[in-house]
Amino acid sequence: QVQLVESGGGSVQAGGSLRLSCATSGYSGRENCMGWFRQTPGKEREGVAAVFVGAGYEITYYADSVRGRFTIPRDNDKNTMYLQMNNRKPEDTDMYYCAAKPPFVGGVCLHESGYAIWGQGTQVTVSS
């Protein structure tokens, strides 16, 4: 059974750093997109950062709102994907989800279309 489990959320002040973790199990993670999304109740889910995992290469994508502040590193030995959030802003407050597409499913990595596996979410609150 494929599972994604997020952790690392919490309440923090603006300007600091926080790292979210997404532990994967039962998932090969090749030739597909994996990403981080965030959503406020009543609003559309927003793609924050994503990575296309190819055969021996990776391509990362970032929303304009987080480019230069967030990164999406992965640790293959630990089967874990991270969202490193630096210089956080109050507008980064949201519920964050990690997600993965099945292998060879096309489409834009930063868009939720095609993502079939989702974690339960972790809340991040940034105060000014």
Side-chain angles (χ1 to χ4, degrees):
Q1 182 179 0
V2 177
Q3 279 191 316
L4 305 178
V5 180
E6 301 100 334
S7 61
S11 297
V12 295
Q13 287 194 324
S17 298
L18 183 70
R19 188 177 73 170
L20 305 182
S21 299
C22 175
T24 66
S25 61
Y27 187 68
S28 66
R30 293 185 179 179
E31 297 296 331
N32 72 317
C33 297
M34 299 181 69
W36 287 94
F37 295 79
R38 63 188 182 187
Q39 186 173 29
T40 298
K43 294 187 177 180
E44 289 188 2
R45 190 173 291 172
E46 175 191 15
V48 174
V51 56
F52 177 81
V53 183
Y57 69 95
E58 295 183 356
I59 303 174
T60 55
Y61 305 90
Y62 297 97
D64 289 342
S65 58
V66 306
R67 186 175 292 112
R69 299 189 298 122
F70 291 9
T71 58
I72 185 171
R74 298 193 317 133
D75 186 330
N76 291 327
D77 291 338
K78 296 181 179 179
N79 294 320
T80 301
M81 177 177 70
Y82 302 96
L83 182 66
Q84 179 65 43
M85 308 167 65
N86 298 325
N87 189 21
R88 289 165 300 172
K89 302 177 180 180
E91 51 263 41
D92 293 327
T93 295
D94 235 326
M95 182 71 81
Y96 285 73
Y97 301 88
C98 66
K101 292 189 181 185
F104 304 106
V105 171
V108 178
C109 284
L110 271 181
H111 193 276
E112 62 179 319
S113 176
Y115 279 89
I117 308 163
W118 293 84
Q120 81 285 358
T122 186
Q123 177 68 38
V124 173
T125 302
V126 184
S127 58
S128 58

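Along the sequence shown, the residues carry numbers beginning at 1.
Between Met81 and Val51, the shortest heavy-atom distance links the atoms SD-CG1, 4.4 Å. Between Leu4 and Gln120, the shortest heavy-atom distance links the atoms O-OE1, 3.8 Å. The two residues Thr80 and Ala23 come nearest to each other via the heavy atoms OG1-CA, 4.1 Å. Shortest non-hydrogen contact noted between Ala99 and Trp118 is CB-CE3, 3.5 Å.
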Donor-acceptor contacts under 3.5 Å from residues 11-20 side chains, at least two apart:
from, atom 1, to, atom 2, distance (Å)
Ser17, OG, Asn86, OD1, 2.9

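For Asn87, the side chain to side chain contact (heavy atoms under 4.5 Å, CB included) partners at least two apart in sequence or on another chain are Arg69. Remark: Gln123 pairs with Thr93, Met95, Thr125 by the side chain to side chain contact (heavy atoms under 4.5 Å, CB included) rule, at least two apart or across chains. Ala63 meets the side chain to side chain contact (heavy atoms under 4.5 Å, CB included) test with Glu46, Ser65, Val66; sequence neighbours excluded. Asp64 pairs by the salt bridge (charged side-chain N to carboxylate O under 4.0 Å, His left out) definition with Arg67, not counting sequence neighbours. In this structure Arg45 satisfies the salt bridge (charged side-chain N to carboxylate O under 4.0 Å, His left out) test together with Glu112, sequence neighbours excluded. Looking at residues two or more places apart in sequence or on another chain, you find no ring pair (Phe, Tyr, Trp, His ring centres under 6.0 Å) involving Tyr96. Residues that satisfy the side chain to side chain contact (heavy atoms under 4.5 Å, CB included) test with Ala116, not counting sequence neighbours, are Pro102.
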Could you walk me through whether Met34 and Thr24 pass the side chain to side chain contact (heavy atoms under 4.5 Å, CB included) check?
CA-CA 11 Å; Met34 299 181 69; Thr24 66; 3.8 Å; yes

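Rounding to the nearest 0.5 Å places CD of Glu58 at 6.5 Å from CG of Asn76. Put simply, CG on Asn79 and CZ on Arg74 are 9.0 Å apart, with the number rounded to the nearest 0.5 Å. Atom CH2 in Trp36 sits 7.5 Å away from atom OG1 in Thr122 (nearest 0.5 Å).
Sorted by first and then second residue, the disulfide (SG to SG under 2.5 Å) pairs with a member in residues 91-128 read Cys22-Cys98, Cys33-Cys109; sequence neighbours excluded. Contacts classified as ring-ring contact (aromatic ring centres under 6.0 Å, His included) and involving residues 51-95 (residues at least two apart or in different chains) are not found. Sorted by first and then second residue, the salt bridge (charged side-chain N to carboxylate O under 4.0 Å, His left out) pairs involving residues 113-128 (not counting sequence neighbours) form an empty list. Listed by first and then second residue, the salt bridge (charged side-chain N to carboxylate O under 4.0 Å, His left out) pairs involving residues 2-16 amount to none (not counting sequence neighbours).
Looking at heavy atoms from C-beta onward, Met85 lies out of side-chain contact with Val126 at the 4.5 angstrom threshold.
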